[in-house]
Amino acid sequence: MKQINNITKRTNLGISRRNILLVGVTAASVGVMPNFNTPTFGQEAPLKPTAAWDKIFPKSDRVDHQKVSFSNRLGITLVADLYMPKNLDRSRRHPALVVGHPYGGVKEQTSGLYAQTMAERGFITLAHDASYNGESGGQPHFTASPEAFVEDFSAAVDFLGTRPQIDRNRIGVLGICGGGGFGLAAAEIDPRIKAIATVSMYDIGQGQRQGLAETLDKAALKTSLEKISAQRWAEVDGAKRAMASGTPEVLTNSSSAVEREFYDYYRTPRGQHTRSTTAMALTGAAAMSLFWSFEHLDWISPRPVLFIMGDQAHSRVFSEQAFEKASEPKELYIVPGAGHVDLYDKVNLIPWDKLQSFFTEHLPETRASQSKS
């Protein structure tokens, strides 16, 4: 049965859905790849405490944190933060969540906040850096790869399923923004993901093709692809790698409300992190335009899906479309007074109780999980 909670009247956000592209040819090209040195990690590194706290949110004294690494199916080494409740009963197996970050973000930002908070509420959680981003491997860095970003979620499930404290039959996914779209795609093809929740979800492929417009402008898309193709030739001939930034470096009088919203998070101490530039290689936009998050949502059923969005969010079209296309059981939960980025870190607006109750209900303890023996 469909459930729609906390619905409020849609507001006029004063933006053009037709003209907003996430990371595409309309974004600013900076022409130079940001400086990045990728650390070397093994196939699967042992769990170890992190010496310095490098997150943008305070460290909880109720949670143990460890940095881990593991490889995905494509041979890319992923680096992640594992959060475990300090009062964990180690004689039993427990539910776990893979937490995916926004497109262009890193695990030290909003996904880490969600992972740590859900660990405070009793779940073992894993916040990973997507391939080609943050501390994870993949070269050249800041490459958009839909296949890799989806595969990362399944690789995280692989890793969690080998931990002695985790019941591999009680693993869910929580994805924020672009991580929600990629997490949905992973759940479509990986039935080991038993429940999935998205927050302020973006379908990055649709955003690349048509922004927030309701229909695709094929002529505009073809023009974009022509520009991307021209840039590929330029780089083949020795030009510097062109980058498209998802967040402006400076605001002007003409900056849109959406640009200001992202700037306030990614370019200020509120959410700024040195490994999160929000830039991706311009040429990757072509591959991303082929990515569709919602085409096979019915494959997830009978596993449950929860879509959470703010009633003021410019991105709400994505959650609404996904909710309509998904099969039961599904739920759309709307947070009054919240915009898209508000749900990244405004803890008084994030519906923690709803997330906890959803995963508690749909990742239930079974007789097999009551003992590790």
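None of the values given here were measured: they were computed from a predicted structure.
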Checklist entry - Going through the distances and angles, do E135 and K67 end up as a salt bridge (Lys or Arg N to Asp or Glu O under 4.0 Å)? => result CA-CA 11 Å; E135 293 183 296; K67 184 168 287 190; 2.7 Å; yes
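- Using a cut-off of 4.0 Å between Lys/Arg side-chain N and Asp/Glu carboxylate O, R92 and E365 are scored as salt-bridged.
- Electrostatic pairing of R241 and E235 does not count as a salt bridge here, judged by no charged N lying under 4.0 Å from a carboxylate O.
- Between P351 and Y333, the shortest heavy-atom distance links the atoms CB-CE2, 3.7 Å.
- A donor-acceptor pair under 3.5 Å links the side-chain atoms of N72 to the main chain of I76, judged by distance alone.
- Other residues, nucleotides and ligands place more than 12 heavy atoms under 6.0 Å from the CZ atom of R303.
- Salt bridge annotation for R275-D54: present, with a cationic side-chain nitrogen under 4.0 angstrom from a carboxylate oxygen.
- In plain terms, the two heavy atoms of G284 and A144 that are nearest each other are O-CB, 4.1 Å.
- Checking H314 against E261 by side-chain atom types alone, a donor-acceptor pair falls below 3.5 Å.
- Atom CD1 of I166 and atom CE of M84 lie 6.5 Å apart (nearest 0.5 Å).
- Between the CD atom of Q208 and the OG atom of S289 there is a distance of 6.5 Å, given to the nearest 0.5 Å.
- Rounding to the nearest 0.5 Å gives a distance of 10.0 Å between CG of L306 and CD1 of I196.
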Item to check | Test log, rule side chain to side chain donor-acceptor pair (under 3.5 Å), inputs S357 and R121 | outcome: CA-CA 10 Å; S357 64; R121 291 167 174 258; over 6 Å; no
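- Ring geometry for W299 versus H296: interplanar angle under 30°, hence parallel rather than tilted (30 to 60°).
- Of the possible donor and acceptor atoms, none in the side chain of S136 sits under 3.5 Å from a partner among the backbone N and O of Y132.
- Counting heavy atoms from C-beta outward, L160 and V98 have side chains that approach closer than 4.5 Å.
- Judged purely by atom type and a 3.5 angstrom limit, H141 uses its side chain to pair as donor or acceptor with the backbone of G134.
- Other residues, nucleotides and ligands contribute over 12 non-hydrogen atoms within 6.0 Å of the CD atom of Q272.
- Side-chain atoms of R192 do not come within 3.5 Å of backbone N or O of G172 as any donor-acceptor pair.
- Contact check on K354 versus E331 returns a salt bridge, with a Lys/Arg side-chain nitrogen under 4.0 Å from an Asp/Glu carboxylate oxygen.
- Side chain of Q321 to main chain of R316: no donor-acceptor pair is present (N/O by atom type, distance under 3.5 Å, no hydrogens or angles).
- A ring-centre distance under 6.0 Å is found for H65 and Y83.
- P58 and W53 make their closest contact through C-NE1, 3.9 Å (heavy atoms, listed as atom of the first residue, atom of the second, distance).
- Looking at T125, its side chain does come within 3.5 Å of a backbone N or O of A115 through a donor-acceptor pair.
- Remark: aromatic rings of F291 and F182 are close, center separation under 6.0 Å.
- Looking only at side-chain heavy atoms (C-beta outward), M309 and L332 come within less than 4.5 Å of each other.
- Atom-to-atom distance recorded for S69:OG and F159:CZ is 8.0 Å, nearest 0.5 angstrom.
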Checklist entry - Passes salt bridge (Lys or Arg N to Asp or Glu O under 4.0 Å), D81 versus K55? Steps please. => result CA-CA 10 Å; D81 289 316; K55 324 305 176 192; 2.7 Å; yes
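- Checked by atom type and distance alone, the side chain of R73 never pairs as donor or acceptor with a backbone atom of A155 at under 3.5 Å.
- When all heavy atoms are compared, the tightest approach of I56 to H273 is CG2-CD2, 4.2 Å.
- In this structure, D311 contributes its side chain and G337 its backbone to a donor-acceptor pair below 3.5 Å.
- Checking S60 against E120 by side-chain atom types alone, a donor-acceptor pair falls below 3.5 Å.
- Evaluated for a ring pair (Phe, Tyr, Trp, His ring centres under 6.0 Å) with W352, the options Y114, F123, F359, F358 yield exactly one hit, Y114.
- Ion pairing between a basic and an acidic side chain is recognised when a charged N comes within 4.0 Å of a carboxylate O; R270 and D345 show such pairing.
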Checklist entry - For I350 and D342, what are the C-alpha separation, side-chain angles and deciding distance, and is it a side-chain contact (heavy atoms from CB on, under 4.5 Å)? => result CA-CA 8 Å; I350 297 170; D342 287 337; over 6 Å; no
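- Looking only at side-chain heavy atoms (C-beta outward), L221 and D217 stay at 4.5 Å or farther from each other.
- No donor-acceptor pair closer than 3.5 Å links the side chain of W292 to the backbone N or O of Q206.
- S254 and T252 form a side-chain donor-acceptor contact under 3.5 Å, judged by distance and modelled atom types alone.
- Within the 4.5 Å cutoff, the side chain of F262 has no heavy atoms near those of the T278 side chain.
- The aromatic ring centroids of Y202 and H340 lie less than 6.0 Å from each other.
- Ring-centre distance between H128 and F153: below the 6.0 Å cut-off.
- Looking at heavy atoms from C-beta onward, Q165 lies in side-chain contact with I124 at the 4.5 angstrom threshold.
- You'll find the side chain of I308 reaches within 4.5 Å of the side chain of L343, heavy atoms only.
- In this structure, Y263 and T268 have side chains that are in contact, with non-hydrogen atoms separated by less than 4.5 Å.
- In this structure a side-chain-to-backbone donor-acceptor pair under 3.5 Å is present from S256 to E259.
- Closest of all the heavy-atom pairs between D298 and S327 is CB-OG, 3.2 Å.
- With values rounded to the nearest 0.5 angstrom, D152 atom CG is found 10.5 Å from E147 atom CD.
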Item to check | E320/K325 under salt bridge (Lys or Arg N to Asp or Glu O under 4.0 Å): CA gap, chis, key distance, verdict | outcome: CA-CA 9 Å; E320 291 169 338; K325 290 188 176 184; over 6 Å; no
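- Using a 4.5 Å heavy-atom cutoff, the side chains of T247 and Y265 are not in contact.
- Smallest separation of non-hydrogen atoms from A322 and F294: CB-CE2, 3.7 Å.
- With rounding to the nearest 0.5 Å, the separation of OG1 in T77 from CG in D129 is 12.5 Å.
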